[in-house]
Amino acid sequence: MRTISWSEAGGGSIHLLDQTKLPLSVEELVITRPAELVTAIQRLCIRGAPALGVAGALGVALILKNSEREGWSTALIEREIFALRNARPTAVNLAWGVSEVEPLISKGSNEVLQRALEIAAKDAVSCREMGRLGADFLVEILGNRKLRILTHCNTGALATTEWGTALGVVQELHSRGLIEEVLADETRPLLQGSRLTAWELQKAGIPYRILPDGAAASALFSGLIDAVLIGADRIARNGDSANKIGSLGVAVSANQVGVPFLVIAPESTVDRSIATGNEIEIEFRGDDEVTQIAGVQTAPFGSRTYNPAFDVTPARYIKAVVTDEKVYEVSSGVSL
Ligand code: MRU
């Protein structure tokens with residue numbers, strides 16, 4: 001089952017692999033109404049920056065299919081597009097995906113759909129390219145040897161259309177016989193590492209261990225890691241990169257012990273309208289994600305929380321940003 005796909009069934013629908021149910025259950029979510037897609041994005045049924053880009057583009061096609069069937073006003077179409085574009089604020093790919101197809105709206109749903117499907121196909125190609133560039137760069141700086149990689153959040157096929165960004169590099173290294181082990185941060189509070197990354201690594205036959213986020217610094221200081229590979233949700237021109245909360249702490253620790261910290265993301269994640277990470281809007285999420293585990297209350301009722309979904313790692317901690325076009329050595333002052 002693919003992360004996200006289009007079907008002509010029901011007059012046009014988006015099919016999602018429901019990531020809230022993984023790894024215990026593999027379930028498909030069939031979306032026929034734009035509001036359902038917004039909810040699915042906000043609940044993280046679909047997530048990960050590149051996958052959200054595809055969801056944004058396909059979502060506009062879905063809006064137009066609904067509109068053509070029901071004769072919506074221009075104002076209603078615009079409201080639905082606004083809701084989709086702003087469903088989550090940090091990953092630039094969502095708004096990017098919407099903007100990529102917007103110029104085609106006047107030509108109708110089929111033109112928009114065609115372009116959205118091209119974006120999805122391009123994402124798969126980009127992931128392979130990032131995998132190759134990232135693996136080549138690691139071999140260049142660390143030598144042609146088996147590596148122990150630390151990852152954070154989920155950056156695999158589930159976060160893209162296939163293969164993945166940081167996990168795409170891991171897949172590429174594995175295909176070259178260069179992976180000794182992946183240490184996957186569990187990634188509190190929603191456990192994208194232990195639920196999703198571990199599921200993907202297991203299916204790919206790549207040796208892995210899951211560690212609590214609080215153990216990442218210890219693993220780095222204990223010499224268990226050769227390189228850290230993460231994805232990104234938005235990258236500023238100077239290389240500052242927003243990614244899942246906890247990435248910043250890993251970056252600081254990696255720098256303390258001289259372990260290269262790499263960000264792997266497609267060009268569509270680079271927001272060249274912003275100079276630095278200070279301009280990145282960070283999504284804050286609800287208390288329940290912190291005070292409960294899998295729906296079971298674990299903190300005292302009424303506890304308040306601090307729950308930013310992302311943090312920004314300054315470029316000085318990032319050895320390189322690897323996109324589908326090139327390797328930018330941002331800590332050496334190279335800008336994107
Ligand atoms: O809240 P999420 O699960 O959407 O956060 C996702 C991440 O932070 C990923 O690391 C990022 O989108 C890169 S995915 C290739």
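First listed ligand is number 1; within each ligand, the first listed atom is number 1.
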Any non-hydrogen atom of [X] lying under 4.0 Å from ligand 1?
X: A91; value: no
X: R88; value: yes
X: P50; value: yes

- Run the side-chain hydrogen bond (donor to acceptor under 3.5 Å, both in side chains) check on S241 and R234 step by step: do they pass? CA-CA 6 Å; S241 299; R234 193 182 290 248; over 6 Å; no
- Message: If we set the cut-off at 4.0 Å for heavy atoms, which region of A49 has an atom near ligand 1: side chain, backbone, both, or neither?
- Response: both
- Item | Side chain, backbone, both or neither: the part of K244 lying under 4.0 Å from ligand 1 by heavy atom | both
- Message: Tell me whether C153 has any N or O atom under 3.5 angstrom from an N or O of ligand 1.
- Response: no
- Polar proximity ligand 1 side, N243 side, N/O cut 3.5 Å exclusive: yes
- Note on the structure: Residue, atom and distance of the protein heavy atom nearest atom 3 (O) of ligand 1 read R47 NE, 2.5 Å
- Message: How far is atom 7 (C) of ligand 1 from the closest protein heavy atom, and which atom is that?
- Response: D233 OD1, 3.3 Å
- Message: So that I can tick it off, tell me whether R132 and E129 are bridged by a salt bridge, with the cut-off set at under 4.0 angstrom between side-chain N and carboxylate O.
- Response: yes
Ligand-side contact atoms (ligand 1) for residue partner [X], heavy atom cut-off under 4.0 Å:
X: T165; answer: 15 (C)
X: F310; answer: 1 (O), 5 (O), 8 (O)
X: Q192; answer: 1 (O), 2 (P), 3 (O)

- Item | Modelled atom types, side-chain donor and acceptor of T323 and E267, under 3.5 Å | yes
- Query: Between I46 and V101, is there a shared hydrophobic cluster once you connect ILVMFWY residues whose side-chain heavy atoms come closer than 4.5 Å?
  - Reply: yes
- Is there a donor-acceptor pair under 3.5 Å between the side chain of R195 and the backbone N or O of Q19? yes
- Item | Backbone of A51 reached by a side-chain donor or acceptor of T160 within 3.5 Å | no
- Item | Proximal candidate to atom 14 (S) of ligand 1 [heavy atom criterion; set A159, A51, G231] | A159
- Message: Taking CZ in F82 as the centre, count heavy atoms belonging to other residues, nucleotides or ligands within less than 6.0 Å. Is the count above 12?
- Response: no
- Task: Taking the side chain as every heavy atom from C-beta outward, state whether L178 and N144 have any pair of such atoms under 4.5 Å apart.
- Result: yes
- Task: For residues S194 and I210, determine if any side-chain heavy atom of one lies less than 4.5 Å from a side-chain heavy atom of the other.
- Result: yes
